Amino acid sequence: MVKRVGILLIAAALSIALAQNAREVLQSMIDTLDAGPWQARLVGKVRVPSGDLEAIEIVLKTIPKAEVARADFIKPDALADNYVVRTKDKVYNYLFVTNQVVVYPIDRAKVEGLGFDFAKGGNPKDLAEAKDLSWTLSGEEETPQGPAWHLTAKPQDPDSLGFASAELWVLKNPPRPYRMRFLDQNGEVLADITLKAWKRAAFKESDLLEFPPDAEVVRK
Amino acid sequence: MKKFLSTLVVMLGLGLAQTLGVGLVAHGPGPRVAGTLESRLALGAWTLEGWSQVGLWPSPSASLGFGATYALELGPAGLASLTGQAFVRWPSLDFWGRADLKGTFGPAALSAGLGYSTAPRELFWPESALGQGLVATAKLDYRLARRQIASLHLVYEENGRTFTEASLTERDRRSQRTFGLGLSTEQPYLFLLGGRKERLGSGVVEATLRIGGLNRITLSYFARDLRATLEAGAPWYVRGEVAWGNTWASMRGDAGGYTFWGGYRWQLDAQGGLW
């Protein structure tokens, strides 16, 4: 009995230590992301409303200090050349087919547009800071970009974030996101995205807020 | 009449005051001169709009219109909206009503409209140059491949043009070139579209040409605060528009007459500017 309690105590202590490590890993990742403007190519698969997994490729550019981010869609073809810019107070959707920029106040805007909600799960920093996600450091793995920590989390309310569990791989040097995977309650993949070509950038807010001058502006 | 105008100002100017525009329009031959007032208010998924045109010379008249749009946002995949508009005109009590459905979802963009007017529509609002009676329109653009867009355009006008057009256009955002080939139910049944954009300073210059049925050439310059378009076509007409910040002016002339319209729009809320 004493031996069993001892094992449980050791297991509990280890899980607390791992949880602390998870927080440290996430904080170091956030520090890297917040240090200045950066861009990355998000490549992977996303489950679309039809139920199929569709290839997706997005160029993500962000200026953390100004809280401005821009996502240029490259794949799927149906969304290619569309892009979304999100600022502190507005969301701008550029639609290639109609050459329109649709401007929404942030409180009325949706950013998902696919079966998976990028507003809730596509931003590694938001993911790390989500209040109802409790992250656990589940191990270390070798990736094509170097050694990485592997973290897992389950939201208290799956409906609130649009997924039942999440996995995050954070590269060790520098600590930055490498891969994100989201599963539904049946264990099916909702999105599996790898961040490629991550690099620091020198763009300004006006660079991200550039739209075709001839685009029609639709304010909502 | 004074009471009616006061009501217009209160309802449109103060009641719906997120965007407010005033203008002056002259139609010819005649001529006729009228003042225009428009306003817009966004309330969540709803957008309410109001328009009025008050005839100043040679005889007093007035038209009043209201519109409501419900929009459904679909994020990067697009948006959908349903609009209803109704106009009434004094003292003739003519009316004009229309409904429009627009939607963009991924590779497809659809717009369809149905309207009926008892008088030429420009008597209600200057932007509406089409004639009276029943009008039905539908347009579908579908992105077949990354650069290819197939379009189908149907127009029925009880007292005007009725045609169906299908076209295939190659459009590339990076090379800024457009080329299209289309079939029409109007003679000569075949038309060609071509266009090219070039950067000029902080803006772009765009030239487009259509040959077949409606022949027209359009030259435009678009920059952050300036948008200007000049278009000429055969059967002959000429159209020009310029918008500089919140000020705009437009003109159109053809065998039937001319219209000049200019004015100013105020953005009265924090969401006013694009940037």
Side-chain angles (χ1 to χ4, degrees), chain A residues 48-50 54 56 58 71-87 89-119 122 205-206 208-220, chain B residues 18-19 40 42-47 69 71-79 81 102-111 141-147 149 151 171-174 176 197 199-206 220-227 229 267 269-275:
Chain A
V48 293
S50 67
E54 185 141 20
I56 191 157
I58 297 170
D72 284 76
F73 285 80
I74 296 169
K75 285 183 186 173
D77 277 351
L79 297 183
D81 298 312
N82 287 6
Y83 54 89
V84 182
V85 183
R86 186 176 179 167
T87 66
D89 57 351
K90 291 180 190 172
V91 170
Y92 304 77
N93 276 337
Y94 174 71
L95 305 172
F96 173 81
V97 174
T98 49
N99 196 28
Q100 288 176 316
V101 182
V102 190
V103 189
Y104 300 90
I106 193 102
D107 55 336
R108 291 211 302 266
K110 290 180 182 174
V111 192
E112 65 265 41
L114 296 160
F116 176 72
D117 187 344
F118 276 88
E205 194 172 341
S206 57
L208 302 194
L209 278 164
E210 190 172 305
F211 300 96
D214 57 330
E216 179 195 1
V217 178
V218 180
R219 291 189 178 86
K220 295 295 179 189
Chain B
Q18 197 175 52
T19 305
R40 181 178 177 276
L43 293 168
W46 288 91
T47 301
T69 298
L72 184 65
E73 193 205 344
L74 305 169
L79 77 160
S81 66
K102 290 182 182 176
T104 304
F105 187 75
L110 171 74
S111 62
D141 292 313
Y142 189 82
R143 197 172 188 181
L144 293 175
R146 185 158 182 155
R147 293 178 182 175
I149 295 175
S151 303
R171 207 170 108 203
D172 183 8
R173 191 160 75 89
R174 283 169 184 79
Q176 304 286 303
K197 290 180 200 173
R199 286 207 80 88
L200 182 69
S202 60
V204 293
V205 176
E206 182 177 16
S220 302
Y221 178 71
F222 301 101
R224 190 158 163 165
D225 292 316
L226 177 66
R227 300 168 77 92
T229 296
Q267 301 288 344
D269 67 325
Q271 303 295 334
L274 174 59
W275 285 269

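Basis for what follows: all heavy atoms, side chains included, without hydrogens, waters or symmetry-related copies. Protein chains get the first letters and strands the later ones, always in sequence-line order, with residue 1 at the start of each. Please read all numbers here as calculations on a predicted model, not as lab measurements.
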Give, as side chain, backbone, both or neither, the part of [X] having an atom under 4.5 angstrom from any heavy atom of chain B.
{"X": "A/Q100", "answer": "side chain"}
{"X": "A/N82", "answer": "side chain"}
{"X": "A/A71", "answer": "neither"}

Inset, instruction - Taking all heavy atoms of A/D214 and all of B/K197, pick out the closest pair and write down the distance. - result: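 Reported closest heavy-atom pair: OD2-NZ, 2.7 Å.
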Legend entry - A/P213 versus B/G203, closest heavy-atom pair with distance: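 Looking at all heavy atoms of both residues, the shortest contact is CG-CA, 4.3 Å.
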Legend entry - Set of side chain to side chain donor-acceptor pair (under 3.5 Å) partners for A/T87, sequence neighbours left out: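 With neighbours one apart ignored, the set is A/D89.
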Legend entry - All side chain to side chain donor-acceptor pair (under 3.5 Å) counterparts of B/S81, not counting sequence neighbours: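 Counting only residues at least two positions away or on another chain, B/S81 forms no side chain to side chain donor-acceptor pair (under 3.5 Å).
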Legend entry - Test item: B/R146 and A/I74 side chains (from C-beta on) under 4.5 Å apart, heavy atoms: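 In short, these two side chains touch, coming nearer than 4.5 Å.
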Inset, instruction - Test A/L95 against B/L79 for side chain to side chain contact (heavy atoms under 4.5 Å, CB included), laying out the working first. - result: CA-CA 9 Å; A/L95 305 172; B/L79 77 160; 3.5 Å; yes
Legend entry - Contact winner vs chain A - B/A71, B/A223, B/P107, heavy-atom pairs under 4.5 Å: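 Of the options given, most contacts go to B/P107.
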Inset, instruction - For the pair B/R171 and A/V97, evaluate side chain to side chain contact (heavy atoms under 4.5 Å, CB included) and give the outcome as yes or no after the intermediate values. - result: CA-CA 10 Å; B/R171 207 170 108 203; A/V97 174; 5.7 Å; no
Legend entry - Verdict with reasoning, B/K102 to A/T98, per side chain to side chain contact (heavy atoms under 4.5 Å, CB included): CA-CA 11 Å; B/K102 290 182 182 176; A/T98 49; over 6 Å; no
Inset, instruction - State whether the side chain of B/R143 and the backbone N or O of A/F96 hold a donor-acceptor pair below 3.5 Å, judged by distance alone. - result: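 Not at all, since once roles are kept as given, no pair shorter than 3.5 Å links the two residues.
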